[in-house]
Amino acid sequence: VKKVSESGFKGAGSLDGDKTASKYTDAAESKTIKTVPPEILERRKKHTVITHMFVLSYENTILFALEIYTFYDPTGVTLFVSKADTTGQSPLVDGESVRVSMKDVSRAIIDVLLKHHPGQRVRICLFARPEKQYLFPFSADYPKKHFLSGPQLTKWWIACLDGLLDDFENPTATLRIPGAENRTIQSFLEGLPRWTMGDIFKYQKPEVGEVPESDAKLAIYQLPRFPDDPKSRFLDFLASEGRTTTCSIEMFWEEIQGRQEFNAGIMVGLMGVDGVVKGETQPETEPASSLSYKEFKNVREIITESDYTTTELVIDANRELTEDGPAQSRVGFKGQLERAAPVASELKRAPVVNTLDMNLVRKKKKTN
Ligand code: ACO
């Protein structure tokens with residue numbers, strides 16, 4: 001584990017007053033997994049992945065969370081926007097419920113990450129796949145939660161990313177919708193001159209000693225793998241069929257349309273942005289305090305294993321994330337973190353967290 005930090009995050013959304021948005025970050029240096037020449041090994045050692053968990057809360061209520069991974073490799077930086085979710089709660093200002101644009105919040109968060117990499121090549125990748133809930137278990141049961149359908153979500157993310165394109169020099173922005181006709185995909189891109197159909201995973205000449213040039217056009221060498229990523233699952237499937245050395249990238253995109261997670265009647269938009277970020281790098285500000293890897297896991301667990309069915313339960317979850325929480329589950333961001341594992345009775349129901357493969361992962365109840 002290289003670095004784990006938590007820092008106050010300002011700038012997202014347009015709320016005044018007691019706005020808190022927190023960023024929990026977890027980074028780990030990855031190990032090389034195959035034998036490579038020493039000069040490449042040196043560069044591989046620098047491969048790092050950082051997990052960011054942004055949580056937006058207002059006063060005592062959690063509103064929204066966004067999980068993003070940053071991957072570093074010799075060709076640049078990749079931001080994989082993994083999961084966005086809302087609790088359905090609205091901030092109450094002077095007793096009035098106020099709507100916050102989560103699209104603007106998401107854009108502001110990604111913008112903060114981009115600002116750390118001006119002058120560098122950055123790729124942004126995401127899969128727009130609607131679900132009832134991703135990060136906040138049982139929030140789907142909260143009657144006021146607002147959902148977007150597949151086409152709405154695809155438009156939502158396109159609009160969100162389009163607002164970031166001015167941050168790049170000559171960016172490429174792409175949309176792929178497996179199983180959709182070209183004219184359907186084009187209809188999403190009307191009035192957006194900088195967007196094209198396709199994807200950003202273009203053929204790249206292999207590094208010396210990496211893979212033979214004849215193999216470089218195979219999907220297995222062209223496509224990055226992300227956590228909880230439908231592409232990776234299909235690559236694994238190809239491997240199980242012994243087809244990794246024959247499946248070209250064109251075949252891959254053709255065949256992936258037949259996968260259940262892309263043809264179950266729910267539109268999934270695959271989006272990418274690729275370009276060099278403009279301007280001067282803004283160094284990352286020193287975090288207000290740091291969390292160890294274990295502490296980060298605890299924080300993530302509180303967020304993704306609480307029950308978000310009612311406003312009261314959301315307030316409880318928020319309390320657990322702050323110093324005012326009950327002693328057995330206190331997270332002291334400014335000092336030492338001490339969180340005893342929750343007792344079984346604390347977990348009212350086994351939380352459900354969605355993954356992009358449409359399977360519900362029902363977490364085991366804690367027994368200690
Ligand atoms: N009633 C009516 N309209 C509403 C409401 C509401 N309660 N809340 C928001 N809206 C409208 C907004 O006014 C806005 O309209 P506009 O486009 O005309 O301006 C539109 O809905 C979008 O509002 P946002 O605040 O930007 O987004 P929203 O609150 O819907 O949050 C999100 C978007 C996070 C996708 C939410 O729908 C959600 O939690 N969905 C379930 C989980 C999910 O599918 N996540 C996305 C997975 S894909 C990925 O993460 C990479």
Side-chain angles (χ1 to χ4, degrees), residues 12-15 21 51-58 61-70 78-92 96-111 113 123-164 174-178 188 191 199 226-232 261-262 264 266-273 303-304 308-309 311 314 351-361:
S14 56
L15 285 173
T51 313
H52 309 272
M53 173 72 94
F54 294 89
V55 182
L56 178 70
S57 53
Y58 183 75
T61 312
I62 299 173
L63 307 177
F64 173 74
L66 184 61
E67 187 174 68
I68 304 182
Y69 293 84
T70 308
T78 302
L79 301 179
F80 175 54
V81 182
S82 165
K83 293 183 176 89
D85 202 1
T86 44
T87 58
Q89 305 293 326
S90 322
L92 281 180
E96 297 273 326
S97 167
V98 174
R99 200 170 281 171
V100 182
S101 167
M102 297 311 169
K103 190 199 291 163
D104 291 350
V105 171
S106 304
R107 190 186 292 125
I109 290 170
I110 300 172
D111 196 47
L113 294 181
R123 300 178 191 94
I124 306 174
C125 303
L126 66 85
F127 301 90
R129 184 179 204 296
E131 277 290 355
K132 294 285 177 196
Q133 58 204 17
Y134 274 108
L135 294 165
F136 298 121
F138 308 113
S139 55
D141 295 347
Y142 184 67
K144 291 187 185 162
K145 177 158 173 166
H146 184 245
F147 302 99
L148 298 176
S149 65
Q152 286 171 328
L153 188 66
T154 296
K155 280 188 197 146
W156 190 85
W157 275 118
I158 291 174
C160 178
L161 296 179
D162 194 59
L164 293 165
T174 58
L175 172 67
R176 189 181 271 284
I177 305 178
F188 282 93
D199 60 84
F226 302 122
D228 192 11
D229 165 10
K231 285 192 296 55
S232 303
E261 50 195 313
F262 287 107
I266 297 168
M267 180 179 282
V268 185
L270 276 68
M271 281 161 231
V273 174
I303 296 164
T304 59
Y308 294 87
T309 318
T311 303
V314 178
V352 180
V353 175
N354 270 330
T355 61
L356 287 166
D357 67 354
M358 297 162 40
N359 294 321
L360 296 181
V361 178

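For ligands, and for the atoms within them, numbers begin at 1 and follow the listed sequence.
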Got a sec, which residues hit ring pair (Phe, Tyr, Trp, His ring centres under 6.0 Å) with Y308, two or more places apart in sequence or on another chain?
-> F136
Could you tell me which atoms of ligand 1, counted from 1 in the order shown, lie closer than 4.0 angstrom to a heavy atom of [X]?
X    : answer
D85  : 39 (O), 41 (C), 42 (C)
F147 : 37 (O)
P130 : 44 (O)
L148 : 30 (O), 33 (C), 35 (C), 37 (O)
K103 : 26 (O)
V81  : 51 (C)
K145 : 39 (O), 41 (C)
F127 : 48 (S), 49 (C), 51 (C)

So do [Y] and [X] actually touch side chain to side chain, heavy atoms under 4.5 Å?
X    : Y    : value
D85  : Q133 : yes
F127 : K231 : yes
V81  : W157 : yes
L63  : M102 : yes
L164 : V273 : no
F64  : S106 : yes

Which bit of [X] is near ligand 1, meaning a heavy atom under 4.0 Å away: side chain, backbone, both or neither?
X    : value
Y134 : side chain
V100 : backbone
K83  : backbone

Is the closest heavy-atom distance from [X] to ligand 1 below 4.0 Å?
X    : answer
Q152 : no
S82  : yes
W156 : yes

Pair T51, E67: side-chain N/O donor-acceptor within cut-off below 3.5 Å = no
Test item: side-chain donor near acceptor, T70 and H52, under 3.5 Å | yes
Compute the shortest N/O to N/O distance between F64 and ligand 1 and return yes if it is under 3.5 Å, no if not.
-> no
Look only at interatomic distance and state if K132 has a nitrogen or oxygen under 3.5 Å from any nitrogen or oxygen of ligand 1.
-> no
Heavy-atom nearest option to atom 42 (C) of ligand 1, drawn from E131, R129, M102 = E131
Heavy-atom nearest neighbour of atom 36 (C) of ligand 1 within options H146, E67, R99 = H146
Which pairs count as salt bridge (Lys or Arg N to Asp or Glu O under 4.0 Å) when at least one residue sits in residues 146-163, sequence neighbours excluded?
-> none
Distance, nearest 0.5 Å, that separates OG1 of T154 from CD1 of I158 = 6.5 Å
